[in-house]
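Everything numeric here is computed off the predicted structure, so don't read it as measured data.
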Amino acid sequence: MLLKVIMRQTKFLLRQKEAVMVMLILTWLVIYNYVGNVLEFQGRDVSQMYQPMKLLCLSYNRTNYNAGTTMLFTMLYPILAAMPAGLSYAKEQQTKEEVFLIARIGKGNYLRSKLWAVFFTTALVFSLPFMAEILMNCISFPMKAQKDLSNLGLYHPEYAQMVHRYLGDGIYMLSPVLYAVAGTLFFGMISGLLGMFTAAFSFAISVKYRVLLLLPVFLLLNGTSWLNMVIGQGGASTTWYEYVLLFDDTPKNVWYLLGMAGFLAALTAAFCMAGMKKEKWE
């Protein structure tokens with residue numbers, strides 16, 4: 001029964017204006033980036049062409065050539081991450097829909113199904129446009145092209161060091177396309193976790209204006225950049241986008257990533273438990 005409720009809620013949330021709006025914004029970024037790549041590299045010989053996966057909107061490597069689209073995305077993401085479904089519980093609480101749903105399936109099932117529906121909705125919204133871009137690049141650009149946008153040779157020692165710093169470099173060595181697909185799915189899962197965190201936060205803490213629920217994720221993500229100024233200088237980075245963007249060659253510590261994901265999951269669970277214990281549903 002719970003699985004059916006999750007599927008129904010996910011389908012419902014995907015049709016809501018918040019999810020549609022974020023999907024449209026991401027689709028616009030993807031199309032803008034793709035058309036720009038086509039116009040820039042049309043007619044270029046394969047020997048002078050860059051690896052198509054490194055031209056993706058989510059590719060940090062493209063900042064060596066043109067950082068515009070990627071920089072715009074990293075500025076928008078802390079605001080967009082919670083929007084597709086993270087605010088849905090607060091919306092249902094304000095419209096009193098939650099009272100009806102709780103009466104039908106119970107408080108615990110309602111909150112658990114809401115969390116998972118938020119996860120899947122957010123993950124899909126932040127994965128599908130970029131998966132489509134991978135497919136378009138595979139069709140439009142020569143897959144035999146291997147150049148890096150840093151313009152370092154493939155056998156240059158510095159290039160080998162850059163590749164070694166990719167998160168999941170072993171997958172990249174097998175196939176750049178497989179690496180791009182795996183990285184995009186990972187990005188979708190991280191986005192889903194941030195959406196769950198926002199929803200769980202709204203379980204425990206009621207706010208008058210739903211827009212305020214965008215602040216926790218915004219502060220959390222930007223906090224990793226502020227933290228990097230304190231402990232990341234000269235060592236591994238703590239900045240969020242250097243762990244989720246593709247082909248990022250910044251020095252990393254995987255324990256930072258695991259620690260942040262664990263911290264986020266623990267907070268989500270704590271807020272969810274606090275929400276279940278609330279006696280008064282406003």
For a 4.5 angstrom cut-off between non-hydrogen side-chain atoms, does [X] reach [Y]?
{"X": "F197", "Y": "L193", "result": "no"}
{"X": "Y77", "Y": "S191", "result": "yes"}
{"X": "L246", "Y": "T184", "result": "yes"}
{"X": "E18", "Y": "R210", "result": "yes"}
{"X": "F73", "Y": "N33", "result": "no"}
{"X": "L194", "Y": "F126", "result": "no"}
{"X": "W116", "Y": "L3", "result": "no"}
{"X": "Y166", "Y": "D248", "result": "no"}

Could you report the tightest heavy-atom contact between [X] and [Y], atom names first, then the distance?
{"X": "M276", "Y": "R112", "result": "CE-NH1, 3.6 Å"}
{"X": "M53", "Y": "F247", "result": "O-CE1, 3.2 Å"}
{"X": "T122", "Y": "A85", "result": "OG1-CB, 4.0 Å"}
{"X": "V181", "Y": "M131", "result": "CG1-CE, 3.7 Å"}
{"X": "T238", "Y": "T224", "result": "OG1-O, 2.8 Å"}
{"X": "T10", "Y": "A117", "result": "OG1-CA, 3.4 Å"}

Between [X] and [Y] (side chain of the first, backbone of the second, donor and acceptor by atom type, cut-off under 3.5 Å), is there such a pair?
{"X": "Q16", "Y": "F12", "value": "yes"}
{"X": "N64", "Y": "L149", "value": "no"}
{"X": "K54", "Y": "S59", "value": "no"}

What distance separates [X] [atom1] from [Y] [atom2], expressed to the nearest 0.5 Å?
{"X": "L55", "Y": "E133", "atom1": "CG", "atom2": "CD", "value": "9.0 Å"}
{"X": "M229", "Y": "T239", "atom1": "CE", "atom2": "OG1", "value": "8.0 Å"}
{"X": "M273", "Y": "L111", "atom1": "CE", "atom2": "CG", "value": "12.5 Å"}
{"X": "Q146", "Y": "M49", "atom1": "CD", "atom2": "CE", "value": "11.5 Å"}
{"X": "Q9", "Y": "Y110", "atom1": "CD", "atom2": "OH", "value": "6.5 Å"}
{"X": "S140", "Y": "L135", "atom1": "OG", "atom2": "CG", "value": "9.0 Å"}

When you look at F141 and V38, which way does the side chain to side chain contact (heavy atoms under 4.5 Å, CB included) test go after all the steps? CA-CA 8 Å; F141 301 108; V38 170; 4.0 Å; yes
Polar contact flag, side-chain donor to acceptor under 3.5 angstrom, [X]-[Y]:
{"X": "N151", "Y": "Y159", "answer": "no"}
{"X": "D148", "Y": "S150", "answer": "yes"}
{"X": "Y256", "Y": "E242", "answer": "no"}

Identify the residue among V30, L29, I31 that makes a side chain to side chain contact (heavy atoms under 4.5 Å, CB included) with T27. I31
Using side chain to side chain contact (heavy atoms under 4.5 Å, CB included) as the criterion, point out the one residue from L245, L257, V244, T250 that pairs with L167. L257
Crowding at [atom1], [X] (>12 non-hydrogen neighbours, <6.0 Å):
{"X": "M23", "atom1": "CE", "answer": "yes"}
{"X": "H156", "atom1": "NE2", "answer": "yes"}
{"X": "R8", "atom1": "CZ", "answer": "no"}
{"X": "M71", "atom1": "CE", "answer": "no"}

[X], [Y]: one ILVMFWY side-chain cluster at the under-4.5 Å cut-off?
{"X": "I139", "Y": "L58", "value": "no"}
{"X": "V20", "Y": "F130", "value": "no"}
{"X": "V254", "Y": "M189", "value": "no"}
{"X": "F201", "Y": "Y209", "value": "yes"}
{"X": "L87", "Y": "V22", "value": "yes"}

Tell me, with the steps shown, if Y241 and T70 meet side chain to side chain donor-acceptor pair (under 3.5 Å). CA-CA 10 Å; Y241 58 79; T70 305; over 6 Å; no
Indicate the ring-plane relationship of Y179 and Y172, choosing parallel, tilted or perpendicular according to the 30° and 60° boundaries. perpendicular
Mind telling me whether F41 and Y65 have parallel, tilted or perpendicular rings, with 30° and 60° as the class edges?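 Y65 vs F41 ring planes: tilted.
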Identify each donor-acceptor pair in which a side-chain atom of residues 211-222 lies under 3.5 Å from a protein atom, sequence neighbours left out, and give them as a table.
from	atom 1	to	atom 2	distance (Å)
N222	ND2	F218	O	2.8

Suppose we screen for ring pair (Phe, Tyr, Trp, His ring centres under 6.0 Å). Which residues come up paired with Y60, at least two apart in sequence or across chains?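 With neighbours one apart ignored, the set is empty.
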Go through R62 and N37 one step at a time and tell me if the side chain to side chain contact (heavy atoms under 4.5 Å, CB included) criterion holds. CA-CA 11 Å; R62 68 170 288 109; N37 287 333; 3.3 Å; yes
Under the side chain to side chain contact (heavy atoms under 4.5 Å, CB included) rule, what do T121 and L124 come out as? Steps first, then yes or no, please. CA-CA 5 Å; T121 300; L124 286 171; over 6 Å; no
For the rings on F203 and F271, is their centre-to-centre separation under 6.0 Å? no
Passes side chain to side chain contact (heavy atoms under 4.5 Å, CB included), I190 versus W240? Steps please. CA-CA 10 Å; I190 293 295; W240 68 269; over 6 Å; no
